Structures are given as structure tokens and as C-alpha cells.
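Before any comments, here is the structure.
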Amino acid sequence: MAPVQGAMTTGLVFNLQKYSLQDGPGIRTTVFLKGCPLHCAWCHNPESISPRQEFIILESRCIACGECRRACPQGALTQGSDPLPRVQEQCALCGACSDACPTAARELVGRRMTVAELLPLLLRDRLFYDDSGGGVTFSGGEPLLQFEFLAEALAACRAEGLHTAVDTAGLCPTAHLLEIVPITDLFLFDLKCIDADRHRYYTGAPNDLILQNLQALSRVHSNIWVRIPVVPGINDARAELDAAARLTASLAGVRQVNLLPYHRTGVRKSERLGMNGFLAGLQPPSAEAIQNAAAVFRSHGLKAVSGG
Ligand code: SF4
Ligand code: SF4
């Protein structure tokens, strides 16, 4: 294994998803980095938004066994009248209670790790990557929010000959995005809404820098998949799809468009994190709606696929 440079930079990772078939070609490991500058109303990974560690609590699973209290080195869990011990302010966010909980009632989301710690975990599945044309994808959250860690991790993967992909929403300094171009084989670029007002309303952020970054990236990288979450009533109107298709068809680096049907897995997670899901009643689009959206992109000469 090649030595990892600058191995003391730490990243906040909230999930390592092995055997992923959704985040680029082949079998992949997806590294989810915590923290996102967008707050999409339909987010299916709400635990990715905060750039800090946090607990997900499922109180109904607690069996009042006390294992978490016994495991805590800080004495930071106290027993009140409820079965579930409560976290006090001296908590050091070490995760021992989460590891000790037998029912996953208490989960600490986000673990700090160096690239030197991450890389061996990624290399365990090299055989699967090699056999399937897969590799490693960095996602989030917004992975470019942890730019130094991301760049270090990409370079380490490259040094090992692994195929690298970055899944970004594009709201980041342009210089950071362009700096990782030489060590990124594939960009998965998420596009939410072309309409500026709708984008700001539903994601909490403007889209001008995002669109500029997509254009800048497509001038210097030739393997970009644009990923569009199809969210009924928000970005599936014909005018919105046409605008997205016109833009993506004009960009030399875009190889394909992936239409990602909205799904409801984020709703319960939001509840467990104590977030307000203001689109809680939103339902996934029909298969026909996805086919119709794909037809719009194909009519502009683009390859359009559902999922991925
Ligand atoms: S994260 Fe660590 S310090 Fe905090 S309550 Fe759990 S075991 Fe205690
Ligand atoms: S370890 Fe889990 S199940 Fe046991 S008391 Fe703590 S939170 Fe409840």
C-alpha cells in the first residue's frame, strides 16, 4: 500500500456503504461525508445535513437495559423517569453508548477518521471493484465541504489504482471543485431546480454558483453524470424539465442524466432527528412520470436513465 500523505487530516464520515450499485459504475463503496450547505425539503439523508456529530434516537426500541450508561466513560448518561437514559452536556461524542446499545435505540451519527484509517476499509473490496468495473464514491452531504479530507482521500485511492467518483451538489468554491478534477474519474453532479426562486425556496440556497460550477466543470472534465431528483410538484413540470435538458445538452462533459425518483426514506429519519418534515405528505412519482421525464431529456439528444 502506498504511504498516505498528510494522514492527520480528519473527516467526519457518517456512513460507509459497501456493495453500492447506485453511485457510479460497477460495485462501489460509497463514503458519506457529513455536512451540507443545502437543506433540500425532500432530503433522504437528513442525518447528512449537520456538519456535527448528532444522535438519532428511536425511543420505542429502548429496552431499558442500561448498557449505554455502563459503557459511557464520561458518566454523561443519566436515568430519569423514562426508560431511555438522557445525554448530559459532558458527553464527549465518543460513540461508546451507541456501540453498546443492543437494539440500535441510540445511534451516534458521524465518526471522525483519517485517510489512513479509511483507506484499508475501502481496499477490502478491491476484488469486487476490479471484477465489476467499480470503485469508490465520495458522497454526502456535500463532500466538498470537507475539501482537504476529500482531496487527500481521492489521492490515496488513486495511488492504489481505484476508480474514483465524487457526488456533489456543486455549492462549493469553484477552485476546490477544479482542484480535484485530476484525481476524480467521474463526477455525479446533482441538479435540483433550474428555476432560481424554486431552488432557493426548496433548498435554502441560490443556484447561480451551482450552475456556474457545472459549466466550469464541464469545460475541463469529460465524464459527468448529472443527477436530478424528480420530486412531484417541485421540479417535474415540463418547463423545468425542458430547462434542465437544454442546459445539460449544451455541456460537453455531460455523459448522461440520471433521474432519481423521490422516495420517502428520509421522512422517518427526519422525525427521529427531531426535524420538521414539511413535505411529509409528499409521495414518490409514478413510473410513468419518470418515463415522461426521461423522454424530455432524450428529445434533447441526451442519454437519460432512471436511478443510479
Ligand atoms: S457518546 Fe460517549 S461520552 Fe457521549 S454519552 Fe455516549 S458514551 Fe457517553
Ligand atoms: S443501551 Fe439502548 S436499549 Fe439499553 S438503555 Fe441504552 S438506549 Fe436503551
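All ligand and atom numbering here is 1-based and tracks the order in the structure. As the structure is a computational prediction, the values presented were derived from the model and not from experiment.
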Do the charged groups of Arg86 and Glu59 touch, with an N to O distance under 4.0 Å? yes
Of the backbone atoms (N, CA, C, O) and the side-chain heavy atoms from C-beta on, which set of Leu77 has a member under 4.0 Å from an atom of ligand 1: side chain, backbone, both, or neither? side chain
Among Cys97, Pro73, Ala96, the residue with a heavy atom nearest to atom 6 (Fe) of ligand 1 is Cys97
In terms of atom number and element, which parts of ligand 2 are under 4.0 angstrom from non-hydrogen atoms of Thr103? 3 (S)
Run the contact test for Pro102 against ligand 2 with a 4.0 Å cut-off on heavy atoms, strictly below, and give the result. yes
Does the Thr184 side chain pair with the main chain of Val181, one donor and one acceptor, at a distance under 3.5 Å? no
Which of the numbered atoms in ligand 2 are under 4.0 angstrom from any heavy atom belonging to Pro85? 5 (S)
Within 4.0 Å of some non-hydrogen atom of Arg106, the atoms of ligand 2 are 7 (S)
Just to verify, which of Thr137, Asp23, Asn15 counts as forming a side chain to side chain donor-acceptor pair (under 3.5 Å) with Thr30? Asp23
Going by the side-chain contact (heavy atoms from CB on, under 4.5 Å) test, name the single residue among Ile56, Leu84, Leu58 that passes it with Arg106. Leu84
Answer yes or no: is there a donor N or O on one side and an acceptor on the other, between the side chain of Asp167 and the main chain of Phe138, under 3.5 Å? no
How far is atom 4 (Fe) of ligand 2 from its nearest protein heavy atom, and which residue and atom name does that atom have? Cys65 SG, 2.3 Å
For residues Glu152 and Thr9, is any side-chain donor paired with an opposing acceptor at under 3.5 Å? yes
For atom 2 (Fe) of ligand 2, grab the closest protein heavy atom and report residue, atom and distance to one decimal in Å. Cys101 SG, 2.4 Å
Between Glu107 and Val109, is there a donor-acceptor pair closer than 3.5 Å when you use the side chain of the first and the backbone of the second? no
Give the intermediate values and the outcome of salt bridge (Lys or Arg N to Asp or Glu O under 4.0 Å) for residues Arg198 and Glu240. CA-CA 10 Å; Arg198 294 180 83 74; Glu240 177 69 29; 5.3 Å; no
Can you tell me how the ring of Phe187 sits relative to the ring of His221, calling it parallel under 30°, perpendicular over 60° and tilted otherwise? perpendicular
Hey, is Ala92 one of the residues with a heavy atom under 4.0 angstrom from ligand 1? yes
Between ligand 2 and Gly66, can you find any atom pair, the residue atom being a heavy atom, that is separated by under 4.0 Å? yes
Which atoms from ligand 1 have a heavy atom of Cys94 less than 4.0 Å away? 1 (S), 2 (Fe), 3 (S), 7 (S)
Tell me if a side-chain donor or acceptor on Lys34 pairs with a main-chain N or O of Gly141 at a distance below 3.5 Å. no
Hey, is there an N, O or S on Cys91 sitting under 2.8 Å from atom 4 (Fe) of ligand 1? yes
Would you mind listing which atoms of ligand 1 come within a distance below 4.0 Å of any non-hydrogen atom of Cys72? 3 (S), 5 (S), 7 (S), 8 (Fe)
Do any of the N, O or S atoms of Cys68 sit under 2.8 Å from atom 8 (Fe) of ligand 1? no
Give the atoms of ligand 2, by number and element, whose distance to some non-hydrogen atom of Leu84 is under 4.0 Å. 7 (S)
Let me confirm one number: the CG-OG1 distance from Leu150 to Thr164, rounded to the nearest 0.5 Å. 9.5 Å
Could you tell me, atom by atom, which parts of ligand 1 come under 4.0 Å of a heavy atom of Phe55? 1 (S)
Should you measure from each heavy atom of Gly95, which atoms of ligand 1 turn up under 4.0 Å away? 1 (S), 2 (Fe)
Atom 8 (Fe) of ligand 2 - nearest protein heavy atom and its distance: Cys62 SG, 2.4 Å
Where ligand 1 meets Leu93 - atom numbers and elements under 4.0 angstrom, heavy-atom basis: 1 (S), 4 (Fe)
State, yes or no, whether a side-chain contact exists between Thr174 and Leu209 at a heavy-atom distance under 4.5 Å. yes
